[in-house]
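As structure tokens, the structure follows; a few thoughts come after it.
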2 protein chains.
Amino acid sequence: MANQPPLQFSLDRSSPVPLYYQLSQQLEAAIEQGGLAPGSLLGNEIDLAARLGLSRPTVRQAIQSLVDKGLLIRRRGVGTQVLHSQVKRPLELSSLYDDLEAAGQQPATRVLHHGTEAAAAGVAAALGVPEGTEVLRVERLRLAHGEPMAHLCNHLPVGLLDAGPARLEETGLYRLIRAAGITLHSARQTIGARAATAEEGERLAEPEGAPLLTMERTTYDDTGRAVEYGSHVYRASRYSFEFQLLVRS
Amino acid sequence: MANQPPLQFSLDRSSPVPLYYQLSQQLEAAIEQGGLAPGSLLGNEIDLAARLGLSRPTVRQAIQSLVDKGLLIRRRGVGTQVLHSQVKRPLELSSLYDDLEAAGQQPATRVLHHGTEAAAAGVAAALGVPEGTEVLRVERLRLAHGEPMAHLCNHLPVGLLDAGPARLEETGLYRLIRAAGITLHSARQTIGARAATAEEGERLAEPEGAPLLTMERTTYDDTGRAVEYGSHVYRASRYSFEFQLLVRS
DNA sequence: CAGTGGTCTAGACCACAGT
DNA sequence: CTGTGGTCTAGACCACTGA
């Protein structure tokens with residue numbers, strides 16, 4: 001576990017970007033590009049702060065953010081080590097559209113329904129509104145390479161989105177919600193599986209009884225208000241959920 | 001958004017428990033028990049620090065830990081607010097055994113296989129060892145109320161666990177791994193679905209072709225070493241994955 | 001404008017790991 | 001024992017929000 005040759009960091013004090021953030025970004029880049037070998041020690045915080053002309057708390061803040069990301073691990077009496085990294089994404093509030101686009105799958109959307117209706121009991125409970133409240137229901141078929149991938153049914157409070165069906169065919173729902181100035185905060189998800197009904201099979205080009213992945217999700221904004229309730233069905237033969245998670249310590 | 005009546009906090013400076021942690025625990029308790037109403041402001045950090053006889057950074061550290069948990073939200077120029085809370089668990093590295101036990105489902109385990117063997121290609125890749133390395137394979141059937149719930153196949157490096165089949169029938173694998181002094185750090189998971197084969201149906205008391213939930217997971221310890229690769233199959237009629245997640249900001 | 005959180009400093013002492 | 005990260009202090013200035 002030898003130490004590394006001292007790396008070069010460039011800090012711009014005139015930049016509006018916080019110093020700790022500049023440092024954490026450069027550290028992260030050094031780790032990902034192999035400039036800092038897995039298992040190697042980072043060098044103690046005091047020296048690092050002195051070398052960079054920063055105070056120790058600022059350096060600690062930079063390091064801590066990478067510890068929270070799972071890239072580094074601190075041990076008292078030992079030092080800060082680069083983790084042998086299998087790390088990728090810590091599980092995001094993913095958008096199927098973005099996932100497919102990132103995978104080069106050429107996503108497309110067909111809007112099957114777009115209109116308001118009175119919320120049924122289950123939807124009302126999920127959105128935290130009284131039963132019978134007017135809500136927007138959107139049903140979409142998501143395709144990749146022209147093949148159906150999933151059937152997406154979403155309920156939203158009315159007035160949240162001013163986008164019509166046309167916008168929904170161009171991009172993902174989450175992008176539209178964010179574009180409406182809403183800050184997403186958290187979500188509650190349930191993932192399960194069931195056999196396809198005849199109608200579902202028809203829509204997704206699967207035989208009746210084929211296994212389907214299901215996801216129900218309620219998303220909340222930073223005021224704690226529910227902004228979306230989704231009930232999605234994926235072809236199990238074409239899709240699975242993949243994610244990384246960190247152990248709470 | 002009126003302010004709250006000032007709450008009482010008791011800090012013990014002679015305790016080995018850090019002050020920021022004592023404060024964050026008491027804040028969290030106050031939030032969960034309704035002493036701090038959702039949407040209410042917490043009061044500014046300077047005053048809070050003065051009232052508690054703490055420095056501002058210490059108070060900030062306490063507040064920040066709750067922000068990271070999703071319980072609070074800070075807005076510059078506004079203040080720190082209690083989030084309208086639907087929050088529960090932020091998604092843990094869950095153990096099926098613990099989940100069932102917490103739900104009062106009386107979990108039981110039947111060990112179907114327990115022995116070492118040469119790692120096949122897929123297993124070797126997941127564990128990051130050369131193909132053909134000796135690894136421990138454990139196959140278990142998990143039951144709840146005497147009904148089969150899941151079939152669990154796990155591969156581990158030899159020597160990691162000294163527990164025999166008897167211990168594996170008493171508790172979950174993760175508890176045994178932790179009891180062996182290993183600090184779990186992260187995991188990579190894939191959740192999918194497929195139709196049951198005849199053999200799987202037999203084991204899980206489902207008809208052939210019934211939908212099954214599948215999970216593959218590789219777990220890493222805090223040195224980045226893979227400690228376990230699991231390939232699990234759950235009865236979709238009896239089980240689903242439920243979790244909360246926070247949006248990366 | 002006043003008030004808030006966001007960032008930063010330059011120290012201090014303590015707890016724990018490894019020698 | 002020495003060296004590390006863990007905690008804590010008492011200030012400072014800035015950026016943003018809302019009146």
Side-chain angles (χ1 to χ4, degrees), chain A residues 1-4 9 11-27 39-68 71-83 181 183 222-223 249, chain B residues 1-4 9 11-25 27 39-68 71-83 181 183 185 222-223 249:
Chain A
M1 294 298 178
N3 214 323
Q4 296 295 117
F9 297 106
L11 299 173
D12 177 5
R13 299 190 91 98
S14 69
S15 163
V17 179
L19 293 171
Y20 80 89
Y21 192 75
Q22 294 184 36
L23 178 55
S24 78
Q25 291 279 290
Q26 292 180 41
L27 276 171
S40 67
L41 290 167
L42 201 60
N44 77 63
E45 299 170 350
I46 312 278
D47 288 354
L48 191 54
R51 275 203 293 129
L52 297 172
L54 296 174
S55 69
R56 186 184 169 207
T58 302
V59 171
R60 274 184 67 80
Q61 193 175 0
I63 293 175
Q64 187 60 47
S65 72
L66 297 183
V67 171
D68 292 341
L71 294 175
L72 298 175
I73 182 167
R74 309 173 111 134
R75 297 173 197 272
R76 178 146 52 175
V78 177
T80 302
Q81 288 182 334
V82 179
L83 200 53
T183 304
D222 57 3
T223 71
S249 50
Chain B
M1 294 295 178
N3 213 321
Q4 296 295 117
F9 297 106
L11 299 173
D12 177 4
R13 298 191 93 98
S14 69
S15 162
V17 178
L19 293 171
Y20 80 88
Y21 192 76
Q22 293 184 37
L23 178 55
S24 78
Q25 291 278 290
L27 276 172
S40 66
L41 291 167
L42 202 60
N44 76 64
E45 300 171 347
I46 313 275
D47 288 354
L48 191 55
R51 275 203 293 129
L52 297 171
L54 296 174
S55 71
R56 187 183 166 206
T58 302
V59 171
R60 274 184 67 82
Q61 193 174 0
I63 293 176
Q64 187 61 48
S65 70
L66 298 184
V67 172
D68 292 341
L71 294 175
L72 297 176
I73 181 166
R74 310 172 110 137
R75 296 174 195 273
R76 179 150 45 179
V78 177
T80 303
Q81 288 183 332
V82 179
L83 199 54
T183 304
H185 176 269
D222 56 4
T223 71
S249 50

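Each chain gets a letter, A, B and so on, in the order its sequence line appears, and its residues count up from 1. FYI, side chains are in, hydrogens and waters are out, and symmetry mates aren't considered; it's all heavy atoms of this structure.
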Within less than 4.0 Å of OP1 or OP2 of D:dA10, is there a side-chain N or O belonging to B:Arg56?
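No, outside the criterion.
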Hey, is the side chain of A:Asn44 poking within less than 4.0 Å of OP1 or OP2 on D:dG3, counting only N and O atoms?
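Checking A:Asn44 against D:dG3: no side-chain N or O falls below 4.0 Å of OP1 or OP2.
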For the pair A:Leu71 and A:Val82, evaluate side chain to side chain contact (heavy atoms under 4.5 Å, CB included) and give the outcome as yes or no after the intermediate values.
CA-CA 6 Å; A:Leu71 294 175; A:Val82 179; over 6 Å; no
Suppose we screen for side chain to side chain contact (heavy atoms under 4.5 Å, CB included). Which residues come up paired with B:Glu45, at least two apart in sequence or across chains?
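By the side chain to side chain contact (heavy atoms under 4.5 Å, CB included) rule, B:Glu45 matches B:Arg56, B:Arg60, B:Ile63, B:Arg74.
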Between which residue ranges does DNA chain C form stems of three or more consecutive Watson-Crick or G-U wobble pairs, both distances under 3.5 Å?
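For DNA chain C the paired stretches long enough to count as stems (3 pairs minimum) are C:1-18 with D:1-18.
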Got a sec, which residues hit side-chain hydrogen bond (donor to acceptor under 3.5 Å, both in side chains) with B:Ser24, two or more places apart in sequence or on another chain?
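Partners of B:Ser24 under the side-chain hydrogen bond (donor to acceptor under 3.5 Å, both in side chains) test: none.
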For A:Ser65, what residues pass the side-chain hydrogen bond (donor to acceptor under 3.5 Å, both in side chains) criterion, not counting sequence neighbours?
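Result, side-chain hydrogen bond (donor to acceptor under 3.5 Å, both in side chains) vs A:Ser65: none returned.
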From [atom1] ([X]) to [atom2] ([Y]), nearest 0.5 Å:
X	Y	atom1	atom2	value
B:Leu54	B:Gln22	CG	CD	9.0 Å
B:Leu27	B:Leu66	CG	CG	6.0 Å
A:Thr183	B:Ile73	OG1	CD1	7.0 Å
A:Asn44	A:Thr80	CG	OG1	9.0 Å

Which heavy atom in [X] sits nearest to a heavy atom in [Y], and how many Å separate them?
X	Y	value
A:Ser15	A:Val17	OG-N, 2.9 Å
A:Tyr20	A:Thr58	CB-O, 3.6 Å
B:Asp222	A:Leu83	O-CD1, 3.0 Å

Value in whole Å for how far the [atom2] atom of [N] lies from [atom1] of [X]:
X	N	atom1	atom2	result
B:Gln81	D:dG18	CD	P	10 Å
B:Ile46	C:dT7	CD1	C1'	13 Å
A:Gln22	C:dT7	CD	P	12 Å
B:Leu41	D:dG18	CG	P	11 Å
B:Leu52	D:dC8	CG	P	13 Å
A:Glu45	C:dA10	CD	P	16 Å
A:Asp68	D:dG6	CG	P	12 Å
B:Arg60	C:dG5	CZ	P	8 Å

Taking the minimum atom-to-atom distance to the side chain of [X], which one of [options] wins?
X	options	value
B:Pro57	C:dG6, D:dT9, D:dG5	D:dT9
B:Tyr20	D:dC8, D:dG6, C:dG6	D:dC8
B:Gln61	D:dC8, D:dT9, D:dG6	D:dC8
A:Thr58	C:dC8, D:dT4, C:dT4	C:dC8
A:Ser55	D:dT7, C:dC8, D:dT9	C:dC8

For DNA chain D, what residues of residues 11-19 of chain B have any heavy atom nearer than 4.0 Å?
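Of all residues in residues 11-19 of chain B, the ones placing a heavy atom under 4.0 Å from DNA chain D are B:Arg13, B:Pro18, B:Leu19.
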Look at all strands and tell whether B:Arg75 reaches a base, only sugar-phosphate, or nothing, counting heavy atoms closer than 4.0 Å.
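Sugar-phosphate, backbone atoms only, no base.
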Between N or O atoms, less than 3.5 Å apart, protein on one side and nucleotides 17-19 of chain C on the other: list the pairs.
residue : atom : partner : partner atom : Å
C:dA17  : O4'  : A:Arg76 : O            : 3.3

In sequence, state the C-alpha distance, the side-chain angles, and the governing distance for A:Leu11 and A:Leu52, and then conclude on side chain to side chain contact (heavy atoms under 4.5 Å, CB included).
CA-CA 8 Å; A:Leu11 299 173; A:Leu52 297 172; 4.2 Å; yes
